[in-house]
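Residues take their numbers from the sequence shown, with the count starting at 1.
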Amino acid sequence: MMTNQHVCTSQVSPGDSVSRQSSPGPSYPTVESPVNSALRRAPQIDLGLLGLTPAEINQICIIVGNGIISSNLRTEIYCQLCKQLSKNPSSRSQERGWLLMSACVSCFLPSHQPYFLKCLVNYILTAGGNRASFCERRLRRTLENGTRSLPPSWFELQAICTMKPLQVPVTLMDGNTVRVLMDSASTIQEITHQVAKKVGIRDKFGFCLYMTVSHQVYSLGDGHELIMDDIAEIELGLKNVNKREVSWELYLRKELFAPWQDPSDDKFAADLVFQQVVGGIRFEEYKCETDEDYADFVSKSYYIDRGKPASMESIKNTLHFYLPEDKFKSSKEDYWAQLIFDTFQKFLGEDPEMTVDKAKAEVVRQAMVEWPFLFSRFFVAEKFCGPGPDGEDVKLHNLIVAVNWRGLFLLKEARAENGKQQLLLELEFRHINKAVCERGGVYVMVQTEDGGEFVFEMPDAEKLRELVSLFLGKNEYSKELDALMEAKKAKRPRPPPDQNNAGGLTWLLQLPLTALWGIASGVREVVKLPTRLFDKDEPQPTESLRT
């Protein structure tokens, strides 16, 4: 489930308006679930859909919600619907009945399959009239992707009433927008694959959907979760907000790199990640350790956007495109222009045959090495047990597990006195033998090459095992990435010798992790990104992008 933490920065651009509508809970006891909470907290809003009254809309959400909660009720709901729709002399009643049927088939299947399902499909096609094909298509999509977790949101109810396809814009990090089709059963992975196909991205791994709503940025991931459930869940998590005035937008960003990915292999993917890095540096999502690191990124970015600089004055006039505001105050513009100009001459001198695509790939590789924790997937471990630096077992609670292209990392969930996350354990993939799930998928055990076993208890143990297993055996890095890694390690502060262990395992009990901004709360998290990153009114350095 998503957390209600948020970061409020600047105004988020408006998108499609959505609202949430349901009703107080049912009059009889039901199994506790997120749907019960949704029904209890639902606002009383006059939706005015096709002349429906608030009470009728509430009844739709109550019936659909109880069908989601209790699988034993589903066949009974469909039987009652078919009975009341058969030979019904009231056209208004039939219209409302088929609207309810549309909502039900969009959210759950009948309990007894496959026999009753065949009968239901036959009835819909025979008696459904102008809603027959719509209901049959929704039913097959629900069969394909599974039962919903929450009743329809306001956005979804509009599509169900009008039977119009849902076309939603997804904004890329270069400012362009791609429109995708979705329905009640669309998964996040289906949406990301649609966007990747339209943009031309060949290697889709690591690209994820993000949603901005009410000044919050949510990471939705790229899995098989249903996006309409995410929209409904986020709306329910908003407090003191009129659901009819909620605006949200979808964005595609790079969340995770894989060990085998080489930015030079896919120029379309490299371009989107490059634009993400440029915007992230400018709005301080990504922070460099030294001025020289900033100058290195800015010089390459300037070359990609504008070619060779004519003078230091031309660099000075574009500093606001690349650097955070507090870096280039009037008193420091000359300093930054000179530093960037010198760095520019240096990197061109090292590679006279530099091209735009090659420079983009270098920027992406640098981002992979410089900010591995900002390109990570996070999990919450309720309990942890494993060998400590002295060989004795260490037992810890409420930790964050970060997985990125380098390996698996264990972090303190509570913040340290200096306000920074604490990195406790670093385990590179090259030193991991396997990852297996135990005890019904509640525990995941990671075994190292020297026989060490680390056990994590977490709700998403199987997802962690799948991700680690995917990366194992595919952790060969390119020569360029290896060189950048060695240079980064040379600058890295070393912990005391007695805090190190052999076999690629490092215990770093007091080493501050300065680059970690994302805070996990389950598979999806509220990501602490400046919402200015998603402000379309901000000037973009790509306006003069060279072709």
Side-chain angles (χ1 to χ4, degrees), residues 18 20-22 30-31 33-35 38-39 57 59-82 85 96-168 180-194 209 220-221 223-233 235:
V18 295
R20 177 81 177 98
Q21 172 63 35
S22 53
T30 55
V31 180
S33 79
V35 179
L39 297 177
I57 291 293
Q59 287 299 318
I60 289 176
C61 292
I62 289 174
I63 295 171
V64 173
N66 282 286
I68 291 172
I69 294 171
S70 178
S71 60
N72 294 328
L73 288 177
R74 295 171 188 170
T75 298
E76 179 64 23
I77 290 173
Y78 281 118
C79 286
Q80 291 295 331
L81 271 173
C82 294
L85 286 170
R96 269 53 178 173
W98 280 108
L99 181 60
L100 176 57
M101 178 74 80
S102 302
C104 288
V105 297
S106 299
C107 294
F108 59 85
L109 298 171
S111 311
H112 304 89
Q113 298 186 47
Y115 305 108
F116 185 80
L117 181 61
K118 292 180 180 178
C119 296
L120 180 61
V121 171
N122 182 65
Y123 177 80
I124 289 173
L125 294 177
T126 303
N130 62 341
R131 281 194 173 268
S133 60
F134 177 82
C135 289
E136 190 265 347
R137 187 166 58 250
R138 288 295 180 98
L139 187 61
R140 293 192 182 281
R141 286 285 290 157
T142 303
L143 179 63
E144 180 181 348
N145 288 341
T147 301
R148 291 279 298 275
S149 299
L150 290 170
S153 64
W154 161 248
F155 173 67
E156 188 179 353
L157 280 173
Q158 292 182 90
I160 290 174
C161 288
T162 60
M163 294 186 290
K164 292 181 179 179
L166 292 172
Q167 286 196 349
V168 179
V180 296
L181 292 174
M182 65 172 64
D183 57 28
S184 298
S186 292
T187 65
I188 299 170
Q189 188 178 86
E190 288 175 348
I191 302 302
T192 56
H193 284 194
Q194 276 192 64
L209 279 186
L220 304 183
H224 297 282
E225 294 81 9
L226 302 180
I227 191 169
M228 290 302 174
D229 279 339
D230 288 339
I231 293 173
E233 185 179 347
E235 289 182 9

### Query
Which pairs with one or both residues in residues 67-77 pass salt bridge (Lys or Arg N to Asp or Glu O under 4.0 Å), sequence neighbours excluded?
none

### Task
Sequence neighbours left out, what passes side-chain hydrogen bond (donor to acceptor under 3.5 Å, both in side chains) with Thr187? Give chain and number order.
none

### Message
Can you give me the closest heavy-atom contact between Met101 and Cys135, atom names plus distance?
### Response
CG-SG, 4.3 Å

#### Entry: Given Asn145, Val105, Val121, the one that forms side-chain contact (heavy atoms from CB on, under 4.5 Å) with Arg140
Val121

### Query
Which heavy-atom pair separates Gly146 from Leu226 by the least distance, and what is that distance?
O-CD1, 4.1 Å

## Note on the structure
Here the gap from Leu109 atom CG to Glu144 atom CD, rounded to the nearest 0.5 Å, amounts to 11.5 Å

#### Entry: Short N-O contact, Arg141 and Glu136, less than 4.0 angstrom
no

### Task
Kindly say whether Cys104 contributes a backbone atom to a donor-acceptor pair with the side chain of Tyr78 at under 3.5 angstrom?
yes

### Any residue meeting side chain to side chain contact (heavy atoms under 4.5 Å, CB included) with Arg137, in chain and number order, not counting sequence neighbours
Ser133, Phe134

### Task
Go through the structure and list residues passing side-chain hydrogen bond (donor to acceptor under 3.5 Å, both in side chains) with Thr192, not counting sequence neighbours.
none

### Query
Does the Ser186 side chain pair with the main chain of Asp183, one donor and one acceptor, at a distance under 3.5 Å?
yes

### Message
Taking the basic N atoms (NZ, or NE/NH1/NH2) and the acidic carboxylate oxygens, is any pair closer than 4.0 Å for Arg148 and Glu156?
### Response
yes

### Query
Excluding sequence neighbours, so at least two apart, what forms side chain to side chain contact (heavy atoms under 4.5 Å, CB included) with Cys79?
Thr75, Phe116

### Query
To the nearest 0.5 Å, what is the distance between CG (Leu150) and CD1 (Ile69)?
9.5 Å

### Task
Locate the shortest heavy-atom distance separating Val168 from Phe155; write the atom from each residue and the value.
CG2-CZ, 3.8 Å

### Query
Say you draw a straight line from SG of Cys161 to CD1 of Ile60; how long is it, rounded to the nearest 0.5 Å?
6.5 Å

### Message
Could you work out, with side chain to side chain contact (heavy atoms under 4.5 Å, CB included) as the rule, every residue matching Gln194, not counting sequence neighbours?
### Response
Val180, Leu181, Ile191

### CG on Asn66 to CG on Asn72, rounded to 0.5 Å
12.5 Å

